[in-house]
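For reference, the structure is listed below as structure tokens.
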Amino acid sequence: MSFFDRLVIHGLPLVPKFIVGTVAKRYVAGETVADAVATIRTLMNEGAMATVDVLGESVEDPEKAESFVRQYVSLFDTIDQERLDSNVSVKPTMLGLAIDPELCYRNIRTIVERAAASDSFVRIDMEDHTTTDDTLEIYRRIKEEIGHVGVVLQAYLHRTPDDIGGLLPLNPNIRLCKGIYREPRAIAWKAFETVRENFVYSLEKLLAGGAYVGIATHDTHLVWAGMALVDRLGLDRESYEFQMLYGVDPQLRKIIIDRGHRLRVYVPFGRDWYPYSIRRLRENPTVAKHVMRAMLGMGP
Ligand code: FDA
């Protein structure tokens, strides 16, 4: 990443919210459930599946966490009524992890119970490294008690291949991604190629070990590596899926679907769109530059 890219990325928090909103719209389905439903319908017409995320960051008030639980539970009613090909993704800190891991466990469990009633599924997103142990423990408990739940592993973490070894006996459902948080060198690989290689290594360990994997990336090299691996292992298309974020590289979505693979798109919606959008913009300095130019009153 160039010095200018770094400058742009560090400057993002100074940009007025409405300007970030204009460019960030591409990553968020909208503010309401109706917006999310409309987006999922469009994706289904393309041949994709979805996972819906109610936007929100860490909460410190148990009541607020409970209100997110209610939103997720009623989201399953909407998914059923509208016959959407969608499950949900949840963030542990939104459901009370920072208040008390036991509270978070109960909240996620309530959502998973509702998912199970519709034979659906809940993906527990992975946040920064301070949450990894608690998140994996919550996953492990609910997977054993109910099923209908999966978790995320991040290829940038040194520990990921070990975590896979520990999880494989559970017959786990894992979304594998590179990881998006800024982690210290002591625990995370920093070089682009090393993260890629750890992704491929982890993916092979998961697939060969019988896990169901959501291969979550827009990196075309890794998409290719994923396709090559499922071919080499002779896996049928029901034992894995590719996953992408809403708003990123629709052409790659089509390439994956046209090759006969299943693809799920992560569809975030809700009023708390700002922190999510800033994370997405940080990943893409080209888009972030458009935001900065808009702020400075410069043309596109
Ligand atoms: P990479 O960053 O190398 O990007 C590959 C290509 O895609 C590049 O050309 C890049 O420009 C383009 N691209 C990537 N992001 C873009 C963006 N925002 N806008 C435009 N272009 C973009 N992380 C995490 O820590 N915990 C989690 O739970 C999840 N969950 C999750 C779900 C799903 C479905 C996906 C796809 C990703 C996540 N992530 C995540 C995020 C993930 O860790 C990672 O940060 C991003 O996917 C970017 O990494 P890539 O593998 O796409 O490669």
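Read the numbers this way: they start at 1 and go in the same order the structure lists the ligands and their atoms.
Applying the 4.0 Å criterion to heavy atoms of Phe192 picks out, from ligand 1, the atoms 3 (O). Listed by atom number, the atoms of ligand 1 under 4.0 Å from Arg26 heavy atoms are 20 (C). Each of the atoms 24 (C), 25 (O), 26 (N) of ligand 1 lies under 4.0 Å from some heavy atom of Gln154. Listed by atom number, the atoms of ligand 1 under 4.0 Å from Tyr181 heavy atoms are 25 (O). Listed by atom number, the atoms of ligand 1 under 4.0 Å from Asp125 heavy atoms are 28 (O). The ligand atoms of ligand 1 that sit less than 4.0 angstrom from a heavy atom of Tyr27 are 17 (C), 18 (N), 19 (N), 20 (C).
The option with the heavy atom closest to atom 34 (C) of ligand 1, from among Glu183, Glu241, Arg123, Gln243, is Gln243. With Val195, Asp128, Thr217, Asp219 as candidates, the residue nearest to atom 51 (O) of ligand 1 on a non-hydrogen basis is Thr217.
Under the rule for a side-chain contact (heavy atoms from CB on, under 4.5 Å), the partners of Arg141 that lie at least two apart in sequence or sit in another chain are Glu102, Tyr105, Glu137, Glu145.
Looking at Lys178 against ligand 1, both its backbone and its side chain come within 4.0 Å, counting heavy atoms. Within the 4.0 Å heavy-atom criterion, both parts of Leu245, backbone and side chain, lie near ligand 1. Residue contacts with ligand 1 for Arg264 are absent, since no atom lies close enough (heavy atoms, distance under 4.0 Å).
Salt bridge status for Asp100 with Arg106: absent, with no side-chain N to carboxylate O gap under 4.0 Å. With respect to Glu144 and Arg140, no salt bridge is recorded, no charged nitrogen being found less than 4.0 Å from a carboxylate O.
Under 3.5 Å, the side chains of Tyr212 and Glu241 contain a donor-acceptor pair of N or O atoms. Side-chain contact of Asp35 with Thr32: a donor-acceptor pair under 3.5 Å is present, judged by distance alone. At a cut-off of 3.5 Å, with distance as the only test, a side-chain donor of Asp128 or Thr130 sits close to an acceptor on the other residue.
Polar contact check, Ile180 against ligand 1: a nitrogen or oxygen pair lies under 3.5 Å apart. Between Leu222 and ligand 1, not a single N/O pair is under 3.5 Å apart. Between Gly179 and ligand 1, a contact under 3.5 Å exists for at least one N or O pair.
Leu157 belongs to a hydrophobic cluster whose other members, connected by ILVMFWY side-chain contacts under 4.5 Å either directly or through intermediates, are Tyr156, Ile180, Tyr181, Ile187, Trp189, Val195.
Val59 and Phe68 make their closest contact through CG1-CE1, 3.7 Å (heavy atoms, listed as atom of the first residue, atom of the second, distance).
Using cut-offs of 30° and 60° on the angle between ring planes, the pair Tyr240 and Phe242 is perpendicular.
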